[in-house]
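One-based numbering, in listed order, for ligands and for the atoms of each.
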Amino acid sequence: MELFEAIKTRRSIRKYTDKPVEDEKLRDILDAVRMAPSWANYQCWRLIVVKDKATKEKISDLSYVESFFATKGYKSNPSKKALAEAPVLVVLCADPAQSGVLWNQNYYLVDAGLAAQNLMLAARGLGLGTVFVGVYDEEKLKNLLNIPPAIRIVGLFPLGYPFFYQIGGPPRKPIQEICFFEQWGKSDKV
Ligand SMILES: Cc1cc2nc3c(=O)[nH]c(=O)nc-3n(C[C@H](O)[C@H](O)[C@H](O)COP(=O)(O)O)c2cc1C
């Protein structure tokens with residue numbers, strides 16, 4: 001798939017068919033993560049690929065954080081079922097010590113975000129669907145997966161063949177609203 005088509009048609013996919021994800025495709029997606037840019041090329045990301053059904057179900061159960069969702073009126077994470085039912089679940093971790101901090105900016109989150117976007121676009125390009133799941137009980141998840149204390153979990157990515165092709169989705173702000181020219185606040189035509 002052409003790059004711009006993948007960018008424009010990628011959407012959060014939360015329901016999948018039973019078709020397994022081929023090992024070659026999984027490998028290509030992991031390779032796309034590997035190729036992401038990072039602070040000083042330190043490559044702080046680490047990934048855990050989960051296929052075991054019982055483990056996916058436990059992860060799914062940890063995807064609701066009451067203090068976050070209850071205030072927003074959600075009864076569960078919209079991706080709870082996706083986490084349990086996707087054929088593959090990728091847990092994206094990062095080691096903050098292997099990235100930079102400058103003027104109070106923690107670049108491990110940027111590194112991991114770039115890795116995440118590569119993962120999601122590669123999945124789209126290969127006809128697979130995924131969603132960035134960022135709300136979960138991190139401490140319990142770390143215990144479950146034996147993740148060392150200094151490592152952070154940045155996102156969960158259920159991965160599978162889309163049950164249906166999602167056309168459209170949450171709208172985006174127009175360029176005029178998000179982009180200034182020459183100085184903050186100065187608009188122009190694009
Ligand atoms: C950092 C981050 C955290 C997210 N966390 C969740 C989540 O916990 N559950 C969920 O269902 N979707 C989650 N999403 C998906 C967003 O809701 C989704 O990307 C956004 O609504 C735009 O829709 P689209 O991906 O279909 O374009 C998250 C996305 C990002 C980037």
Side-chain angles (χ1 to χ4, degrees), residues 1-17 29 32-33 36-39 44-48 50 55-94 96 99 105-142 144-145 147 151-175 177-178:
M1 185 184 292
E2 198 256 329
L3 176 64
F4 263 82
E5 194 193 340
I7 291 171
K8 291 199 164 198
T9 61
R10 183 216 55 82
R11 286 289 164 191
S12 292
I13 304 294
R14 298 180 176 88
K15 196 167 165 51
Y16 316 94
T17 68
I29 290 168
V33 168
S38 61
W39 177 280
C44 70
W45 44 71
R46 297 292 180 272
L47 302 141
I48 305 177
V50 179
T55 309
K56 285 185 291 184
E57 280 167 2
K58 284 182 191 153
I59 294 173
S60 164
D61 286 341
L62 294 174
S63 69
Y64 183 77
V65 176
E66 195 174 0
S67 57
F68 176 79
F69 279 121
T71 56
K72 302 199 166 3
Y74 282 88
K75 287 210 175 72
S76 79
N77 192 315
S79 293
K80 184 176 191 299
K81 273 184 106 178
L83 292 165
E85 291 173 0
V88 178
L89 174 48
V90 178
V91 179
L92 174 63
C93 306
S99 188
Q105 303 248 50
N106 276 296
Y107 282 93
Y108 82 89
L109 282 172
V110 177
D111 296 342
L114 293 163
Q117 183 70 334
N118 272 18
L119 185 158
M120 292 188 285
L121 288 179
R124 175 71 192 121
L126 293 168
L128 290 154
T130 187
V131 53
F132 193 135
V133 182
V135 185
Y136 40 78
D137 187 324
E138 188 186 11
E139 283 315 304
K140 288 188 181 154
L141 215 45
K142 279 167 78 165
L144 177 71
L145 299 172
I147 298 171
I151 304 297
R152 299 299 306 262
I153 302 175
V154 181
L156 312 175
F157 299 85
L159 194 62
Y161 283 92
F163 189 75
F164 51 81
Y165 177 65
Q166 175 92 28
I167 302 171
R172 298 303 197 260
K173 294 172 178 163
I175 290 182
E177 196 180 328
I178 61 164

J.: Please identify each residue that fulfils ring-ring contact (aromatic ring centres under 6.0 Å, His included) with F157, with sequence neighbours left out.
T.: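 Residues passing ring-ring contact (aromatic ring centres under 6.0 Å, His included) with F157: F132.
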J.: With a 4.0 angstrom cut-off on heavy atoms, strictly below it, pick out the residues next to ligand 1 and order them by chain and number.
T.: R10, R11, S12, R14, N77, P78, S79, V131, F132, V133, G134, V135, P170, R172
J.: Give the table of side-chain donor-acceptor pairs shorter than 3.5 Å for residues 106-122, with sequence neighbours excluded, one pair per line with atom names and distance.
T.:
from	atom 1	to	atom 2	distance (Å)
D111	OD1	W39	N	3.0
D111	OD2	S99	OG	2.7
N118	ND2	A32	O	2.7

J.: Among I153, V133, V154, exactly one meets side chain to side chain contact (heavy atoms under 4.5 Å, CB included) together with V91. Which residue is that?
T.: I153
J.: Given side chains that start at C-beta, do those of I147 and L141 come closer than 4.5 Å, heavy atoms only?
T.: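 No, side chains not in contact.
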J.: Pair up each side-chain donor or acceptor in residues 57-67 with any protein partner under 3.5 Å, not counting sequence neighbours, and list the distances.
T.:
from	atom 1	to	atom 2	distance (Å)
E57	OE2	K53	NZ	2.8
S60	OG	K80	O	2.7
D61	OD1	K80	NZ	3.2
S63	OG	S60	O	2.7
Y64	OH	Y74	O	3.3

J.: Cation-pi between K8 and F4: NZ/CZ under 6.0 Å from ring centre and within 45° of the ring axis?
T.: no
